[in-house]
Every structure is written in C-alpha cells, then in structure tokens.
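Remarks on the structure that follows.
Nothing here was measured: the structure is a model prediction, and the numbers come from that model. Each chain gets a letter, A, B and so on, in the order the sequences are listed, and its residues count up from 1.
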Protein chains: 2
Amino acid sequence: MVTAKEILDRIETGGHRPTASRRRLLDAVVARGDGFTAEELVAEVKGLGRATVYRTVRLLLKEGLLCKLSLQDGAPRYTLSQKLGHHHHLVCVGCGVVQEFSQSVIEQMLMQLSGAGAIMGHRIEVYVLCPSCQAKSESTPGHSPRTGALA
Amino acid sequence: MVTAKEILDRIETGGHRPTASRRRLLDAVVARGDGFTAEELVAEVKGLGRATVYRTVRLLLKEGLLCKLSLQDGAPRYTLSQKLGHHHHLVCVGCGVVQEFSQSVIEQMLMQLSGAGAIMGHRIEVYVLCPSCQAKSESTPGHSPRTGALA
DNA sequence: CTGGTTGCAAAGATTTTGCATTGAA
DNA sequence: TTCAATGCAAAATCTTTGCAACCAG
C-alpha cells in the first residue's frame with residue numbers, strides 16, 4: 001500500500017516542496033481506491049484553491065505517481081499508481097474501483113506488432129463488473145453500471 | 001476501404017437522414033487516415049456549424065462508425081472505424097496515422113483476468129513510430145514526436 | 001406537411017494562466 | 001532572503017443546449 005508520506009518523499013526527491021497543501025491532497029487521494037476527477041478533489045479537500053488541485057494533479061502525473069484513466073465520458077479520471085513500473089488497469093464499471101495488473105502476455109503480443117513500427121508505448125484498460133457489484137446488480141436488476149466507460 | 005457512401009447508408013439504416021451536411025463531413029473524415037479532433041473538422045469543413053459537427057461526431061460514435069482515441073493530451077481524437085467488429089488501434093506518435101488490429105492473444109489474456117470480475121469491455125491502444133516517421137526522425141534528429149500520447 | 005436537422009449564440013463544463021501574496025529552505 | 005507554491009479571478013478550451021428556420025421524405 002502506498003502512503004501519502006512515500007509520495008511526498010518522491011515529490012521532494014524530484015525537486016519539489018512537500019507543502020501542507022500537497023500533503024492534504026495526497027491524504028485524500030490515498031484514501032480512495034477508485035478513479036476520481038480533479039473536480040472531485042476540489043470538492044473533497046476544502047480550503048485548497050482549484051488551481052492548486054489542477055497543478056498538483058499535473059505534477060503527480062508527470063512524476064508517474066498518478067495514472068490518467070481513459071474512460072469515455074465526462075472529465076478524465078485519475079488513480080494512484082500502486083506499482084511504480086509499467087502496468088495496466090482493471091476498472092469496475094459499477095463502483096469505479098481500480099486494480100492494477102501487468103501481464104507479460106501482452107508484452108509478447110506487442111512484439112508481434114512491431115512490424116508496424118517502433119513501439120513507443122501502449123495503454124490497456126479492462127472494464128469489469130467486480131464480484132461485489134455483480135452481487136448488487138443481481139439483487140437490484142434496475143441498476144445500470146457506468147457503461148459510458150465501455151469502448 | 002470504407003467510403004462515405006457506405007457510412008451514409010448505415011446512417012440511413014439507423015433511421016437518420018443522409019443530409020448534405022453529413023455527406024460533406026464524412027468526405028472529410030474518410031479523406032484522413034489519422035485521428036482528428038472535433039474542432040479540426042469544424043475548421044476543415046467550412047460552412048458547417050460547430051454544433052452540427054459535434055452532433056454528427058456523437059451520432060457516428062453511437063453507431064460505432066467512429067472510434068474515440070484515448071490519447072493523453074488535449075481534446076479527444078476520433079478515427080474512422082475500418083472494421084465493423086471489435087478492434088484495437090495502432091497510433092503513430094509521429095504523424096498520427098491510425099491503423100487497426102485485432103489479436104486473439106489479447107482476448108485469451110483477458111480470460112485470465114476474469115477472476116477479477118465479469119469483463120464488460122476493454123480498450124487497447126499501442127503507440128508506435130511508423131517506418132516513415134522513423135526515417136524522418138533519423139534525418140532530422142531535433143524533431144520530437146507527440147509523446148504526450150504515451151502512458 | 002412533419003419531424004428530423006441545422007445554425008447561431010448563449011450557456012455549461014473543464015482546465016489554464018496572470019499576478020500579487022505566502023511559505024519552505 | 002529567495003524562489004517555488006498558492007489563491008483568486010479572469011481567460012481559454014472544448015462541448016452542449018435552446019430555439020427559430022430549414023429541408024428530406
């Protein structure tokens with residue numbers, strides 16, 4: 001589990017200051033296990049200016065401490081990087097919980113595509129209905145998940 | 001190769017009218033092999049209102065005739081669906097050219113993830129530097145590609 | 001005719017920027 | 001002290017919506 005302090009240390013190592021604002025923002029980010037928007041952080045962490053939130057999100061992205069999720073609708077969502085290396089995401093379209101995974105099969109498959117050019121990077125997201133959301137949707141059939149996330 | 005007429009036919013089949021505006025927009029879309037933004041279409045197809053362009057893009061997305069690319073920076077980009085079925089994208093970070101591919105290995109890999117929940121969908125994009133852009137970057141070392149696309 | 005489609009402008013939503021002030025080292 | 005970081009509000013971007021006019025079937 002990544003802690004706010006670890007992230008703050010990395011920020012400091014990167015030549016940035018571990019301010020109180022950043023600590024408060026990180027506490028909020030660490031407390032969530034799902035994808036959130038910048039605006040949700042603005043609402044959640046009271047007393048911080050909107051500009052500070054957006055600037056901090058940008059900083060964390062650049063440092064690789066946050067990942068930008070490519071859901072299809074609305075504002076972009078972000079999630080904390082649990083692993084430092086390259087990884088992919090498993091997003092529940094019901095509750096928005098985000099898990100990470102890395103699968104070497106994918107990397108092998110990418111090799112097969114290298115005829116199309118030098119591979120510079122890739123982005124993989126898998127949308128699931130997690131077991132607890134499956135249970136919920138069986139008991140409440142009317143409920144519809146965040147299908148906007150689907151490709 | 002998909003033609004504007006084929007797409008217009010599909011639009012009509014879907015219960016929408018094959019108007020002159022839509023035809024002009026489609027001609028512009030078909031002429032490009034890369035990802036474009038809604039705003040680029042507004043500039044490119046003169047005489048069409050901004051609202052019409054955005055509404056048409058939304059219509060084409062809903063019908064599955066356009067794909068939304070999840071690049072990281074700026075406004076979302078769209079590209080024409082060449083295949084009708086499910087597919088993935090190969091995007092050149094140099095020139096923005098988009099190719100499609102489908103690879104059963106990925107689908108097999110997804111099966112292995114099904115322990116995490118029922119898979120509802122997925123999104124895969126691979127960023128490459130295509131052969132012609134590789135040649136260019138060797139002759140002009142100062143040039144830097146659209147690395148914003150990279151995860 | 002009739003209802004889908006369009007253009008325009010206004011409104012909405014999201015993000016960035018200028019600038020004076022504050023705060024960490 | 002010094003320069004990064006912050007807050008605020010204005011501006012910039014991108015997208016949607018209300019409404020009257022228009023057009024395909």
Side-chain angles (χ1 to χ4, degrees), chain A residues 4-5 7-29 35-63 65-78 146 148, chain B residues 4-5 7-29 35-63 65-66 68-79 146 148:
Chain A
K5 185 175 182 326
I7 302 174
L8 218 51
D9 286 347
R10 297 197 135 254
I11 287 180
E12 194 163 10
T13 304
H16 305 281
R17 294 179 182 168
T19 64
S21 296
R22 286 173 178 166
R23 170 174 295 278
R24 292 184 53 208
L25 210 65
L26 286 172
D27 284 339
V29 164
F36 47 83
T37 64
E39 213 54 35
E40 283 171 14
L41 287 184
V42 171
E44 193 166 321
V45 185
K46 293 173 183 63
L48 281 202
R50 171 168 280 99
T52 298
V53 172
Y54 278 94
R55 282 189 280 235
T56 304
V57 166
R58 213 187 328 178
L59 172 63
L60 293 173
L61 272 181
K62 194 170 44 138
E63 300 290 328
L65 301 169
L66 280 189
C67 290
K68 191 173 188 174
L69 299 177
S70 302
L71 305 186
Q72 289 300 75
D73 294 339
R77 306 188 80 83
Y78 304 94
R146 305 181 186 181
Chain B
K5 185 175 182 327
I7 302 173
L8 219 50
D9 286 348
R10 295 196 137 255
I11 287 179
E12 194 163 11
T13 304
H16 305 281
R17 294 181 182 165
T19 65
S21 296
R22 288 173 176 165
R23 169 174 295 279
R24 291 183 53 208
L25 209 64
L26 286 171
D27 284 339
V29 165
F36 47 85
T37 63
E39 212 56 34
E40 283 171 13
L41 287 184
V42 171
E44 192 167 321
V45 185
K46 294 174 182 60
L48 281 202
R50 171 167 278 97
T52 299
V53 172
Y54 279 92
R55 284 189 280 236
T56 305
V57 165
R58 212 185 331 177
L59 172 64
L60 293 173
L61 272 181
K62 193 170 44 139
E63 300 290 327
L65 301 169
L66 281 189
K68 192 173 187 173
L69 299 178
S70 303
L71 305 185
Q72 289 301 58
D73 294 339
R77 307 188 79 84
Y78 305 93
T79 189
R146 306 181 186 181

Sequence neighbours left out, what passes side-chain contact (heavy atoms from CB on, under 4.5 Å) with [X]? Give chain and number order.
X       : value
A/Arg23 : A/Leu8, A/Asp27
B/Thr79 : B/Cys67, B/Leu69, B/His89, B/Val98
B/Glu44 : B/Ala28, B/Arg32
A/Glu63 : A/His16, A/Leu59, A/Leu65

With A/Arg50, which residues qualify under salt bridge (Lys or Arg N to Asp or Glu O under 4.0 Å), at least two apart?
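Partners of A/Arg50 under the salt bridge (Lys or Arg N to Asp or Glu O under 4.0 Å) test: A/Glu39.
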Can you confirm whether B/Ile11 sits close enough to B/Leu26 that some side-chain heavy atom of one is under 4.5 Å from a side-chain heavy atom of the other?
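Touching, per the 4.5 Å side-chain cut-off.
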Any non-hydrogen side-chain atom of A/Val53 less than 4.5 Å from a side-chain atom of A/Val45?
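No, side chains not in contact.
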B/Arg58 side-chain N/O to D/dT17 phosphate OP1/OP2 under 4.0 Å
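For B/Arg58, the contact criterion (side-chain N or O under 4.0 Å from OP1 or OP2 of D/dT17) is met.
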Between B/Leu41 and B/Leu48, does a side-chain contact (heavy atoms from CB on, under 4.5 Å) hold up when you go through it step by step?
CA-CA 9 Å; B/Leu41 287 184; B/Leu48 281 202; over 6 Å; no
May I ask you to say what A/Gly47 touches in the nucleic acid, namely base, sugar-phosphate or nothing, with a heavy-atom cut-off under 4.0 Å?
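Sugar-phosphate only.
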Euclidean distance, atom CG of residue B/Leu41 to atom P of D/dC14 [Å, nearest integer]
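The distance from CG of B/Leu41 to P of D/dC14 comes to 13 Å, rounded to the nearest Å.
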What's the NZ-C1' distance between A/Lys46 and D/dG7, to the nearest Å?
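Going from A/Lys46 (NZ) to D/dG7 (C1'), I get 18 Å.
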If I compare all heavy atoms of [X] with all of [Y], which pair ends up nearest, and what's the gap?
X       : Y       : value
A/Tyr54 : A/Ala38 : CE2-CB, 3.4 Å
A/Thr52 : A/Ser21 : CG2-CB, 4.4 Å
A/Lys68 : A/Pro76 : CE-CB, 3.6 Å

Would you give a per-nucleotide map of nucleotides 19-25 of chain D, 5' to 3', where B means the base has a protein non-hydrogen atom under 4.0 Å away, S means only the sugar-phosphate does, and - means neither?
-----BS
Short N/O separations, protein against nucleotides 13-15 of chain C, under 3.5 angstrom:
from	atom 1	to	atom 2	distance (Å)
C/dT15	OP2	A/Tyr54	OH	2.8

At what angle, to 10 degrees, do the two end axes of the helix from C/dC1-D/dG25 to C/dA25-D/dT1 meet, given five pairs define each axis?
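Between the first-five-pair axis and the last-five-pair axis there is 40°.
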Would you say that more than 12 heavy atoms from the other residues, nucleotides or ligands in this model lie under 6.0 Å from the CZ of A/Arg24, or not?
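Yes, the 6.0 Å shell around CZ holds more than 12 heavy atoms from other groups.
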Which residues in residues 21-29 of chain B have at least one heavy atom lying under 4.0 Å from any atom of DNA chain C?
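Heavy-atom contacts with DNA chain C come from B/Ser21, B/Arg22.
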DNA chain C: B/Ala51 or B/His16, which has the more 5' nearest nucleotide?
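The 5'-side residue here is B/His16.
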Given 3.5 Å as the limit, does a donor-acceptor pair link the side chain of A/Arg17 with the main chain of A/Arg22, or not?
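Not confirmed, A/Arg17 side chain does not pair with A/Arg22 backbone.
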